[in-house]
Amino acid sequence: NFTLDQIKEASSIVYEHDDSETTEDSFNVILTDGKHTVEKTVIVMVIPVDDETPRMAINDGLEIEIGETKIVNNKVLKATDLDSEDSTLTYVIRYGPGQGFLQRK
């Protein structure tokens, strides 16, 4: 139980999210003046936080013959992220190959 004065102080009443991946919560509040009672549901919209790191799901490498060309697709190289759509992930090539080259097709 709390009063309007306690809400105004903003030091006694706190909502703390449980750090799950939910994006909505709610709680019920009953207001009374001692004679009449009203019950309302307070909806809490949780703003998702991108706090998961992407991880490499497939990294099988390539086997290639001399002079051959192969496509690097999601069967040999694939990443995933629990907080983001996989299609939004960006692969960054830090060091290029020493004995060949990469190009976009």
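These numbers come from a predicted model, not from an experiment.
- The heavy-atom pair separating Glu24 from Met45 by the smallest distance is OE1-SD, 3.8 Å.
- Residue Leu31 places its CG atom among more than 12 non-hydrogen atoms of other residues, nucleotides or ligands, all under 6.0 Å distant.
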Under the side-chain contact (heavy atoms from CB on, under 4.5 Å) rule, what do Asp81 and Glu52 come out as? Steps first, then yes or no, please.
CA-CA 7 Å; Asp81 187 336; Glu52 298 290 335; 3.8 Å; yes
Walk me through it: do Phe27 and Thr41 pass the test side-chain contact (heavy atoms from CB on, under 4.5 Å)?
CA-CA 6 Å; Phe27 58 91; Thr41 300; over 6 Å; no
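- Residues Leu77 and Met56 meet the side-chain proximity criterion, which asks for heavy atoms closer than 4.5 Å.
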Do Thr80 and Arg55 pass the side-chain contact (heavy atoms from CB on, under 4.5 Å) test, and can you show the C-alpha distance, the side-chain angles, and the key distance before you say yes or no?
CA-CA 6 Å; Thr80 188; Arg55 54 187 184 85; 3.9 Å; yes
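- Rounding to the nearest 0.5 Å places CD1 of Ile66 at 11.0 Å from CD of Gln99.
- Leu102 CG to Arg104 CZ: the interatomic distance, rounded to the nearest 0.5 Å, is 12.0 Å.
- Shown here for Glu39 and Ile30, the closest heavy-atom pair between the two residues is CG-CG1, 3.9 Å.
- The nearest pair of heavy atoms linking Ile58 to Lys75 is CG2-O, 3.5 Å.
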Evaluate Val76 against Lys70 for side-chain contact (heavy atoms from CB on, under 4.5 Å), listing each step before the verdict.
CA-CA 11 Å; Val76 294; Lys70 280 211 174 169; over 6 Å; no
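- When the side chains of ILVMFWY residues are joined at heavy-atom separations under 4.5 Å, either directly or via intervening members, Val42 and Tyr15 end up in a single hydrophobic cluster.
- Counted within 6.0 Å of CD on Glu68, heavy atoms from surrounding residues, nucleotides or ligands total more than 12; the atom is thus considered enclosed.
- One hydrophobic cluster holds both Val29 and Val44 under the rule that ILVMFWY side chains link at heavy-atom gaps under 4.5 Å.
- Minimum interatomic distance between Lys78 and Asp86 (heavy atoms only, all atoms of both residues): CE-OD2, 4.5 Å.
- Hydrophobic clustering, with ILVMFWY side chains joined whenever heavy atoms are under 4.5 angstrom apart, groups Tyr91 together with Leu62.
- Heavy atoms from other residues, nucleotides or ligands lying under 6.0 Å from CD1 of Ile64 number more than 12.
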